[in-house]
Amino acid sequence: MLNKYARAFFTRVLTPFAAFLLRRGVSPDAVTLVGTAGVMAGALVFFPRGEFFWGTIVITLFVFSDLVDGNMARQAGVSSRWGAFLDSTLDRVADAGIFGGLALWYAGNGNDNVLCAVSIFCLASGQVVSYTKARGEAIGLPVAVNGLVERAERLVITLVAAGVAGLHTFGLPGVEILLPIALWVVAVGSLVTLGQRVVTVRRESAEADAATGNGATS
């Protein structure tokens with residue numbers, strides 16, 4: 001849901017900035033690479049030290065590159081399979097950095113093995129959720145389902161909770177509980193989404209096999 005509405009809104013807002021970068025000779029691929037590097041730096045420098053507020057600020061500034069690079073490619077008329085591949089691949093890298101940074105915090109000074117495990121599960125399940133759709137499409141299925149918690153929801157829930165939780169360092173009490181809650185929500189939501197996509201691919205593959213007269217194959 002957030003993908004559908006938020007992307008459309010921010011794409012309109014960021015269009016002038018994308019045009020500005022194009023006039024300065026910046027390529028969409030460069031924006032993709034810089035954005036991913038910024039997200040990784042924000043996540044792996046600040047989160048393992050428990051500096052969630054500033055880490056979230058840095059990540060948020062760079063995460064919008066995911067909208068800017070595609071906008072630039074469309075404006076310049078240079079959309080390509082390579083650009084789509086690079087963007088999708090580096091999205092997975094950025095997500096791994098965010099949840100990896102949280103896992104490092106809970107494995108270290110955060111001193112909570114359960115939440116460390118939940119963070120790792122969020123990392124892994126997010127990758128698998130994306131893979132199920134990509135793999136389904138690769139074998140010719142539409143995978144006509146979005147699911148409960150997609151990438152946009154995972155990022156918004158996690159980063160908002162992390163940013164607010166980081167305010168405890170400024171004297172705001174009790175807010176640190178929001179991050180563990182968010183991680184559990186993302187973990188459960190990702191598991192549900194994975195199930196939705198697997199069921200959809202199973203149904204679509206059965207329909208496709210029936211339509212072509214093929215039996216089930218392994």
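Being a predicted model, the structure only gives us computed values, none of them experimental.
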Nearest 0.5 Å please: distance from the [atom1] atom of [X] over to the [atom2] atom of [Y].
{"X": "R151", "Y": "R92", "atom1": "CZ", "atom2": "CZ", "value": "6.0 Å"}
{"X": "L90", "Y": "D66", "atom1": "CG", "atom2": "CG", "value": "9.5 Å"}
{"X": "I120", "Y": "L115", "atom1": "CD1", "atom2": "CG", "value": "11.0 Å"}
{"X": "R74", "Y": "D69", "atom1": "CZ", "atom2": "CG", "value": "9.0 Å"}
{"X": "L67", "Y": "M72", "atom1": "CG", "atom2": "CE", "value": "13.0 Å"}

Would V143 and T132 count as a side chain to side chain contact (heavy atoms under 4.5 Å, CB included) here? Give the steps. CA-CA 9 Å; V143 195; T132 54; over 6 Å; no
Is the number of heavy atoms from other residues, nucleotides or ligands under 6.0 Å of F170 CZ greater than 12? yes
Less than 4.5 Å apart, any side-chain heavy atom of [X] and any of [Y]?
{"X": "F99", "Y": "T158", "answer": "yes"}
{"X": "R135", "Y": "V201", "answer": "no"}
{"X": "W82", "Y": "D29", "answer": "yes"}
{"X": "F47", "Y": "I59", "answer": "yes"}
{"X": "V129", "Y": "R154", "answer": "yes"}
{"X": "V31", "Y": "V26", "answer": "yes"}
{"X": "V149", "Y": "V192", "answer": "no"}
{"X": "W184", "Y": "V114", "answer": "yes"}

Give the minimum heavy-atom separation between [X] and [Y], together with the two atoms involved.
{"X": "A165", "Y": "L179", "result": "CB-CB, 4.1 Å"}
{"X": "A43", "Y": "G97", "result": "CB-O, 3.3 Å"}
{"X": "G163", "Y": "F53", "result": "O-CD1, 3.5 Å"}

Tell me which one of D91, T56, V156, L155 satisfies side-chain contact (heavy atoms from CB on, under 4.5 Å) with V63. L155
Can you confirm if the aromatic rings of F52 and F46 lie within a centre distance of less than 6.0 Å? no
May I have the step-by-step check of side chain to side chain contact (heavy atoms under 4.5 Å, CB included) for V199 and V145, ending in yes or no? CA-CA 10 Å; V199 168; V145 62; over 6 Å; no
Under 4.5 Å between side-chain heavy atoms, counting indirect links through other Ile/Leu/Val/Met/Phe/Trp/Tyr residues: same cluster for L159 and M40 or not? no
Is V160 linked to W54 within one hydrophobic cluster, defined over Ile, Leu, Val, Met, Phe, Trp and Tyr using a side-chain heavy-atom separation of less than 4.5 Å? yes
Could you please spell out the steps behind the side chain to side chain contact (heavy atoms under 4.5 Å, CB included) verdict for L141 and S205? CA-CA 7 Å; L141 301 175; S205 63; 3.9 Å; yes
Please step through side chain to side chain contact (heavy atoms under 4.5 Å, CB included) for the pair T169 and E51, ending with a clear verdict. CA-CA 8 Å; T169 59; E51 298 177 5; over 6 Å; no
